[in-house]
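Have a look at the structure below before the remarks.
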Amino acid sequence: MTEPNRVSRFPAPDHQPVAGGIAARARATTTGGARYLAGLNPEQRDAVETLDGPVLVLAGAGTGKTRVLTTRIAHILSQGRARPGEILSVTFTNKAAREMKTRLAEMLGQAVEGMPWLGTFHAIAGRILRSHAELVQLKSNFTVLDVDDQIRLLKQLLQAENIDDKRWPARMLAGLIDGWKNRGLSPSQVPSGEAAVFGNGKGGKLYTSYQERLKILNAADFGDLLLENIRLFRENPDVLRQYQTRFKFILVDEYQDTNVAQYLWLRLLSQAPSSLTPATSAAVPSPLVGEGGSVERSETEPGEGSVSADRDPSPASLRSAPSPTRGEGRDISAATTPPKNICCVGDDDQSIYGWRGAEVDNILRFEHDFPGAKVIRLERNYRSTGHILAAASHLITHNEGRLGKTLRTEDVEGEKVTVTGAWDSEEEARGIGEEIEELQRKGEHLNDIAILVRASYQMREFEDRFVTLGLPYRVIGGPRFYERAEIRDALAYLRVINSPADDLAFERIVNVPKRGLGDAAVQMLHDHARKRRIPLFEAARAVVETDELKPKARGSLRQLILQFERWRAQREVTPHTELAEIVLDESGYTEMWQKDRSADAAGRLDNLKELIRSMEEFENLHGFLEHISLVMDREGAADEEAVSLMTLHSAKGLEFDNVFLPGWEEGLFPSQRTLDEQGRAGLEEERRLAHVGLTRARRRAKLYFATNRRIHGTWTTTIPSRFLDELPADSVEITESKGGSGWGGAGGYGPSRFDNVESFGSSYATPGWQRAQARRPGARGPSEGGFKEEQSPFGGRDPFGGGGFGGNFGRNKRGPLTIEGELVAKSTGATSEFALDDRVFHQKFGYGRVVKIDGNKLTIAFDKAGEKKVVDSFVARA
DNA sequence: ACCTAGGAAGATCGT
DNA sequence: CTTCCTAGGT
């Protein structure tokens, strides 16, 4: 977020004594008055300067939230109120954490290595957990499992329990367990009614055994990072006190997104450190569950100013309606010890993580949880022009249960928000592609353009389109680098080296590459391991000494064990990047892909190289593994000009001059699933998501909806999102799609703007449509590429772009047609003049090699740009 | 033990 | 249209 009123950077004076760390530098920059405070508006300044006691900053979109946070840190440091290591500053995403670090660096004139406790909830909780791992039955090198590992593990448990994983999918159980963990519930605290809903009452038992398994595997999942941290603090008051003492100031970003576990964690840390009386500390590990089976927070506070209240065994209702009497009884500020300086920043209108357990309630109840809190509202928006802000504000007023803020701007009205209808998702992509090119012609930078989608599968269509256009784009948070098979394999090797008990990793690679250790062999290792309660690796070590395995299998298993032992030894003396190379090499993993003749093998090898390159930034193997398990994102070259493509969720906190918002259709946005599962609350969350989307835009917001969209591979007719109707008419303009003809010449939109969409459905009775229906099952033409020319009703030109992927269906029912650009017309048809392995050149992507041919669409492995799909007419033989 | 074909089932959002 | 899983063949 870069508000126009942002402070200019002020580098540290050259001649300052460097003796101090950041604090010294920060102080040095404030000669006389605090210069960093200039340019803040009164509310922002208040939020920065109110250092003592709890503060809640309600910061609407674009009101300078991040700026307040970073300036506040600078202020704390420059006032000498705390050293960098005494400030705990938590965010939700790594992106946000990075952003804060960068901004702080700008402000203080240096890199901020000295802020060790600035990071995501999970990273920081994980870090604390690691330094006291033994206290929660883990070792400090424990593995953080990702969702895939989690599910595989649960599958094993389901099998062991003889539960049909068709009826009771592991995915579902994973969801339940996650939910419990988000609410801070350990297995014994899960309300029995809830635990029973899975697997004929075995849910609770499975949760228990899952946790046991995790301990044996020396592993923790995401939820554990917080949950186990909480347990650590509860069971070890001395450890807790250590952190309470350390953190003089706590700052929390996006407070509206905290879940119960995070809330509890913050709550524990924000107690003033104290001479906890033995009695109080004894009361700490109280259960979280009240009789009603609901989460009970009040019992968990060992705050000392309120000893009597805390001991009160009745499940007090901190939860629902704030009860003033209880609240005052627990009033921390009444204690002799001053309350902790905690500052939470958030916006209830941007709470979009309810599905992940976030409790908007946390922010709504802040004043109650932290009595005496000062609440500051930031309502001046420095980002968007008038119409955009009006649209966003008006939309969000349809929600109930808000704290209520009114964003205002002093900016010009600017352009109206546009709403454009497209026939189908392909046309939508085409229309947006054209608009982008037009913006580009007007001199807009691609970096200032973003497309924000509701679900990631919407991205593909845009990618295809942009590749065809040769328009550079960047997917943010897209197909995850670390989720690729080859990367996960490589990581599995490293994990086994790092943590020998990591069975999941061991199992993953024990027969990759093929070593003749198939299901039978693995099964027997499992039996062995289970019987003796030892990790698979240990079991393997024992088994090779016996003759239970066939000689061949036994030999290769022994070989593998020896290799791992050697690698572990080498770890001490070899740099970790080098070690990784050695491992991939000696294990035969690299070779496996080298021998592979399939198209993507080369790309995979590149990815492996990329992986090793990315390891360089880390001090050691352990640090690297820690990073990837939490970060999971790849920091690409961000300097190049490119359109950004991402989900609405990952767009939170970002801003762009031009924002495209496709897919505003019922069912997709708001998402049907959310509506089904969460009802009205879900709808409100979707609406907040829409609000977030609109408020990302500085100058242009362009909404799109398509009348037809492919869901699960079949075309479905959709109706425009209700959110479109909730926009203020004065700030919105309806435009024609530039990507095609609009819909069958159905001229303007009626007064109610979208009503005629439904009537449009009547065209489905037309003969053309029925023909299309009839043809659908086997709609493929005689030759692979799709329709032969004479079959096409469009005289051989394909107005739908792209030689026949996607929309065979649909092309028959279109009304009058506008043939779009030469781009499409150039597509020659079914056969390509290129052959596999041809060396080619592309205007945008440079040199490359053809790895796959599909009609006139080629998949090319470019030397620089990686693997892309392009239409053959855009490349030439090199 | 490994490979392949074929069928069935399934899909937000992300630390 | 995908991915995942199973069954059957080698």
Side-chain angles (χ1 to χ4, degrees), chain A residues 90-97 119-126 144-148 150-152 155 165-167 169-172 175 178 181-182 220-227 254 257-259 261-262 351-358 425 452-461 476-478 480 482-483 485 511-523 549-550 552-553 556 627-633 646-652 663 667-678 682 685-686 688-689 692-693 709-715 805-809:
Chain A
V90 282
T91 63
F92 269 83
T93 61
N94 296 289
K95 206 163 52 189
T120 65
F121 274 99
H122 290 87
I124 290 176
V144 180
L145 297 188
D146 62 27
V147 185
D148 272 22
Q150 204 182 345
I151 291 190
R152 272 194 300 150
K155 262 190 194 145
D165 66 348
K166 284 259 158 43
R167 242 190 89 188
R171 207 163 243 308
M172 181 184 178
D178 264 1
K181 289 189 175 176
N182 286 337
D221 65 17
F222 275 103
D224 279 344
L225 295 178
L226 279 150
L227 192 58
E254 309 280 15
D257 286 335
T258 48
N259 61 33
Q262 286 155 341
S351 160
I352 55 176
Y353 284 103
W355 53 275
R356 211 174 62 190
S425 48
L452 312 182
V453 297
R454 171 70 241 269
S456 55
Y457 63 75
Q458 290 172 262
M459 294 202 269
R460 198 204 212 104
E461 211 125 19
I476 297 185
R480 300 174 167 268
Y482 294 111
E483 281 167 20
N511 201 27
V512 179
K514 299 270 181 285
R515 294 190 176 88
L517 297 162
D519 290 347
V522 172
Q523 194 52 50
L549 280 174
K550 295 201 189 94
K552 211 170 83 196
S556 52
H627 168 84
I628 59 124
S629 62
L630 293 173
V631 173
M632 291 297 226
D633 69 358
M646 69 190 93
T647 63
L648 284 163
H649 281 90
S650 50
K652 187 156 74 146
L668 175 61
F669 191 32
S671 143
Q672 191 56 50
R673 191 159 157 187
T674 304
L675 261 41
D676 291 347
E677 286 170 11
Q678 326 262 355
E685 180 154 313
E686 294 285 300
R688 289 193 291 267
L689 198 50
V692 167
R709 193 170 290 275
R710 198 167 29 190
I711 301 168
H712 282 7
T714 44
W715 286 94
F805 66 95
N808 278 354
F809 177 85

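Not measured: the values here are computed from a predicted model. We use all heavy atoms of the structure for the numbers below, so side chains are in, but hydrogens, waters and symmetry mates are not.
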Could you pull out all residues at least two apart from [X] that satisfy side chain to side chain contact (heavy atoms under 4.5 Å, CB included)?
X        : answer
A:Gln672 : A:Leu675, A:Asp676
A:Thr93  : A:Lys95, A:Ala96
A:Ala170 : A:Ile151, A:Leu154, A:Lys155, A:Leu158

Mind checking the [atom1]-[atom2] spacing from [X] to [Y]? Nearest 0.5 Å is all I need.
X        : Y        : atom1 : atom2 : value
A:Arg688 : A:Ile352 : CZ    : CD1   : 9.0 Å
A:Glu254 : A:Thr120 : CD    : OG1   : 13.0 Å
A:Asp178 : A:Asp224 : CG    : CG    : 9.5 Å
A:Arg673 : A:Trp355 : CZ    : CH2   : 10.5 Å

Report, one pair per line, the protein and nucleotides 3-8 of chain B atoms (nitrogen or oxygen only) whose separation is under 3.5 Å.
none

Counting the atoms with a prime plus P, OP1 and OP2 as sugar-phosphate, which does [X] contact under 4.0 Å by heavy atoms, base, sugar-phosphate, or nothing?
X        : result
A:Asn511 : sugar-phosphate
A:Ala123 : nothing
A:Phe121 : nothing

**Prompt:** Looking at B:dT15, C:dC1, B:dT12, which one has an atom nearest to any side-chain atom of A:Arg673?
**Reply:**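 Of B:dT15, C:dC1, B:dT12, B:dT12 is nearest to the side chain of A:Arg673.
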
May I ask you to verify if any side-chain N or O of [X] is less than 4.0 angstrom from the OP1 or OP2 atom of [N]?
X        : N      : result
A:Ser671 : B:dC13 : no
A:Asn259 : B:dT15 : no
A:Ser650 : B:dG14 : yes

Return the polar atom pairs (N/O with N/O) between nucleotides 2-10 of chain C and the protein under 3.5 Å, or none.
from: C:dC5; atom 1: OP1; to: A:Lys155; atom 2: NZ; distance (Å): 3.0

In whole angstrom, what separates [X]'s [atom1] from [N]'s [atom2]?
X        : N      : atom1 : atom2 : result
A:Asn94  : B:dG14 : CG    : P     : 13 Å
A:Arg709 : C:dC1  : CZ    : C1'   : 15 Å
A:Ile711 : B:dT12 : CD1   : P     : 13 Å
A:Phe92  : B:dT15 : CZ    : P     : 11 Å
A:Gln672 : B:dA11 : CD    : P     : 17 Å
A:Arg171 : B:dG14 : CZ    : P     : 14 Å
A:Arg356 : B:dC13 : CZ    : P     : 13 Å
A:Leu145 : B:dG14 : CG    : C1'   : 16 Å

**Prompt:** Between the side-chain atoms of A:Thr674 and the base atoms of B:dT12, is any donor-acceptor pair under 3.5 Å?
**Reply:** yes

**Message:** So for A:Arg454 and B:dC13, does any side-chain atom that can act as donor or acceptor lie under 3.5 Å from a complementary atom in the base?
**Reply:** yes

Can you give me the closest heavy-atom contact between [X] and [Y], atom names plus distance?
X        : Y        : value
A:Leu226 : A:Gln262 : CD1-CG, 3.5 Å
A:Arg454 : A:Leu689 : NE-CD2, 3.4 Å
A:Gly693 : A:Leu452 : O-CD1, 4.2 Å

Determine the Euclidean distance between corresponding [atom1] atoms of [M] and [N]; express it in Å to zero decimal places.
N      : M      : atom1 : answer
C:dT6  : B:dA11 : P     : 15 Å
C:dC4  : B:dC13 : C1'   : 22 Å
B:dT12 : C:dC5  : C1'   : 24 Å

**Item:** Of A:Gln678 and A:His122, the one whose closest DNA chain B nucleotide lies more 5'
**Value:** A:Gln678

**Prompt:** Which residue lies toward the 5' end of DNA chain B, A:Leu689 or A:Gly518, if each is placed at its nearest nucleotide?
**Reply:** A:Gly518

**Asked** Within the stacking criterion (centroid distance below 5.5 Å, interplanar angle below 30°), does A:Trp355 stack on B:dC13?
**Response** yes

**Request:** Tell me whether A:His649 is stacked on the nucleobase of B:dG14, counting only the six-membered base ring and applying the 5.5 Å and 30° thresholds.
**Result:**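 Not stacked by the 5.5 Å and 30° rule.
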
**Message:** I'd like to check the ring pair (Phe, Tyr, Trp, His ring centres under 6.0 Å) partners of A:Phe92; sequence neighbours left out, ordered by chain and number.
**Reply:**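 With neighbours one apart ignored, the set is A:Phe121.
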
